[in-house]
Amino acid sequence: MVHKLIIIGSGPAGYTAALYAGRANLEPLMIDGGVGHGQKLLGAGGQLMITTEVENYPGFEHGIQGPELMHAMRKQVLRFGTQMIEHQATRVDFSNRPFTVWVGDESYQARAVIIATGASAKWIGLPEERPAWEGGLGGKGVSACATCDGFFFRGKEVAVVGGGDTALEEAIYLTNHATKVHVVHRRDALRASKIMQGRAFKNPKIAFVWDSAVEKIHDPAAGRVSGLTLRNTRDGTKSQLEVQGLFVAIGHKPNTDLFEGQIDLDENGYIKTTHDVRTSRHAVFAAGDVQDHEYRQAVTAAGSGCMAAIQAERLLEEEGEIATN
């Protein structure tokens with residue numbers, strides 16, 4: 001059987017693409033990511049599944065829990081006939097149409113593909129970074145997105161780990177909410193661009209903790225962040241830093257290993273797109289964080305999922321794959 005459309009990945013981008021494709025009678029097949037591999041490679045629902053309160057997604061006056069939002073999107077796309085494979089895609093071949101996508105030893109073919117595999121935040125590797133429901137502080141004071149969660153730290157002191165542009169962008173943004181932002185960096189010099197360094201050094205709310213690494217986050221037992229144990233990277237001495245939040249800003253990794261050699265990726269591994277969602281391969285589209293290294297928001301991911309589905313629908317209609325009345 002050759003499907004009209006396969007969607008690889010879920011989350012806001014994949015679910016929105018499935019919603020639009022389902023309502024357009026494309027009968028999409030979604031390979032949703034399954035249970036994933038922890039925080040290294042999230043499964044169905046993506047990063048929203050390890051996010052607690054979401055207050056910046058339109059339509060929810062009092063906010064909504066990330067998993068609750070993803071479950072609602074999932075039920076909505078099932079209503080419009082999306083077929084689900086609850087697993088991860090393991091291999092693809094885009095060299096010929098119909099395209100082939102494998103899940104283990106099982107192969108599936110489609111005339112068009114939408115990639116919505118997202119990106120994964122790079123973490124320090126501490127057990128306290130795990131989601132709250134796994135005994136950690138993820139979503140309870142530990143975050144990888146200042147624009148998503150900064151609002152919850154109004155009037156508090158926080159720390160940002162990292163030394164690149166992303167870390168300084170997060171730190172500067174957080175000064176709109178926090179009383180003080182401590183930037184913790186492993187070395188004695190930043191990797192960030194000079195212009196970003198200048199902005200950060202001039203900001204009176206930002207302080208720098210040099211030659212330091214986070215060794216422990218306190219306190220999972222209390223269900224909130226109360227401080228950090230830091231280790232000096234030069235002499236190994238330890239110190240305590242009292243903060244109420246920790247933002248890990250050491251980068252994101254797009255989940256594109258599967259597509260190397262199949263479509264064009266940029267130097268950081270993100271999928272290159274033109275006209276917003278078109279990849280270098282005809283009839284293969286990409287939506288969400290897998291091709292967006294700038295915004296990385298649920299609402300922008302959903303928007304690009306809509307765009308990808310509409311582009312796929314138009315293409316298949318032009319090719320006569322969709323019956324028109």
Side-chain angles (χ1 to χ4, degrees), residues 38-40 47 50-55 63 65-66 120-192 196-197 200-201 203-252:
Q39 286 176 294
K40 290 185 178 179
Q47 294 188 75
I50 60 169
T51 303
T52 51
E53 197 75 16
V54 179
E55 290 193 326
Q65 296 288 304
S120 300
K122 295 179 181 178
W123 298 95
I124 301 169
L126 300 174
E128 298 88 21
E129 293 173 306
R130 293 186 309 230
W133 50 87
E134 293 181 5
L137 289 166
K140 292 290 186 180
V142 175
S143 172
C145 180
T147 53
C148 306
D149 300 325
F151 178 84
F152 301 112
F153 295 88
R154 284 193 167 182
K156 299 179 180 180
E157 286 194 32
V158 300
V160 173
V161 175
D165 279 353
T166 298
L168 296 192
E169 287 171 3
E170 299 271 277
I172 292 168
Y173 176 83
L174 286 166
T175 60
N176 296 318
H177 304 288
T179 56
K180 192 167 186 177
V181 180
H182 303 267
V183 177
V184 181
H185 187 44
R186 296 181 62 89
R187 291 179 280 275
D188 60 358
L190 299 169
R191 294 178 288 103
M196 290 302 300
Q197 290 190 43
F201 289 143
N203 195 309
K205 284 189 173 183
I206 297 177
F208 290 87
V209 185
W210 304 107
D211 300 316
S212 297
V214 178
E215 191 167 89
K216 188 174 180 62
I217 308 168
H218 308 277
D219 180 11
R224 60 183 176 83
V225 173
S226 59
L228 309 173
T229 296
L230 304 180
R231 175 180 51 81
N232 188 284
T233 56
R234 289 184 179 269
D235 59 24
T237 57
K238 295 181 182 180
S239 62
Q240 304 299 314
L241 180 64
E242 291 187 10
V243 292
Q244 290 79 54
L246 175 65
F247 290 82
V248 180
I250 55 178
H252 286 75

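In this text the structure is predicted, and so the values were computed from the model without any measurement. For this chain, numbers begin at 1 and follow the sequence in order.
Under the 4.5 Å side-chain criterion, counting only non-hydrogen atoms from C-beta, Val214 is in contact with Leu230. Inter-residue side-chain proximity for Val248 and Lys122 is flagged as unmet; no heavy-atom pair is nearer than 4.5 Å. By the 4.5 Å heavy-atom criterion applied to side chains, Val142 and Trp123 are counted as neighbours. Here the side chains of Arg187 and Thr233 are not in contact, with every heavy-atom distance at 4.5 Å or above.
Note that CZ of Arg191 is 13.0 Å distant from CE of Met196, once rounded to the nearest 0.5 Å. Rounding to the nearest 0.5 angstrom, the gap separating the CD1 atom in Ile206 from the NE2 atom in His182 is 11.0 Å. The CZ atom of Phe153 sits 9.0 Å away from atom CD of Gln244, with the distance rounded to the nearest 0.5 Å. Taken to the nearest 0.5 Å, the CG atom of Asp219 stands 7.5 Å off from the CG atom of Leu137. The CG atom of Leu246 lies 8.5 Å from the CG atom of Leu126; values are rounded to the nearest 0.5 Å. Of the inter-residue distances, the one linking Leu190 atom CG with Asp165 atom CG reads 9.5 Å to the nearest 0.5 angstrom.
Distance alone, capped at 3.5 Å, is enough to place a donor-acceptor pair between the Asp211 side chain and the Asp188 backbone. Formation of a donor-acceptor pair under 3.5 Å by the Thr179 side chain with backbone atoms of Lys156 is found in this model. Not one N or O on the side chain of Ser212 forms a donor-acceptor pair closer than 3.5 Å with the backbone of Val184. Using a distance-only test at 3.5 Å, with no hydrogens or angles considered, no donor-acceptor pair links the side chain of Ser143 to the main chain of Phe247. No donor-acceptor pair under 3.5 Å is formed between the side chain of Glu55 and the backbone N or O of Gly63. Using modelled atom types, one side-chain atom of Asn176 and one backbone atom of Tyr173 make a donor-acceptor pair closer than 3.5 Å. A donor-acceptor contact shorter than 3.5 Å links the side chain of Lys205 to the backbone of Ala178.
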Stepwise side chain to side chain contact (heavy atoms under 4.5 Å, CB included) test for Thr229 and Gln240
CA-CA 5 Å; Thr229 296; Gln240 304 299 314; 3.1 Å; yes
Determine whether Arg224 and Lys140 satisfy the following criterion, side chain to side chain contact (heavy atoms under 4.5 Å, CB included), listing intermediate values before the conclusion.
CA-CA 6 Å; Arg224 60 183 176 83; Lys140 292 290 186 180; 5.9 Å; no
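Within a 6.0 Å radius of CD in Glu215, other residues, nucleotides and ligands contribute more than 12 heavy atoms. Counting heavy atoms of neighbouring residues, nucleotides and ligands inside a 6.0 Å radius, atom CZ of Arg186 does not exceed 12 of them.
Considering all non-hydrogen atoms of both residues, Ala192 and Leu168 come closest at CB-CD1, 3.5 Å. Contact detail for Glu170 and Ala144: the closest heavy-atom pair is OE1-O, 3.9 Å. Here the closest heavy-atom approach between residue Ala249 and residue Ala167 is recorded as CB-CA, 3.6 Å. Across Pro220 and Glu128, no two heavy atoms sit closer than the pair CG-CG, 3.7 Å. When every heavy atom of Leu228 is checked against every heavy atom of Ala159, the shortest pair comes out as CD1-CB, 3.8 Å.
Classified by interplanar angle (parallel below 30°, tilted 30° to 60°, perpendicular above 60°), the ring pair Phe201/Trp210 is tilted.
Inspection of the Ser226 and Glu242 side chains reveals no N or O donor paired with an N or O acceptor under 3.5 Å.
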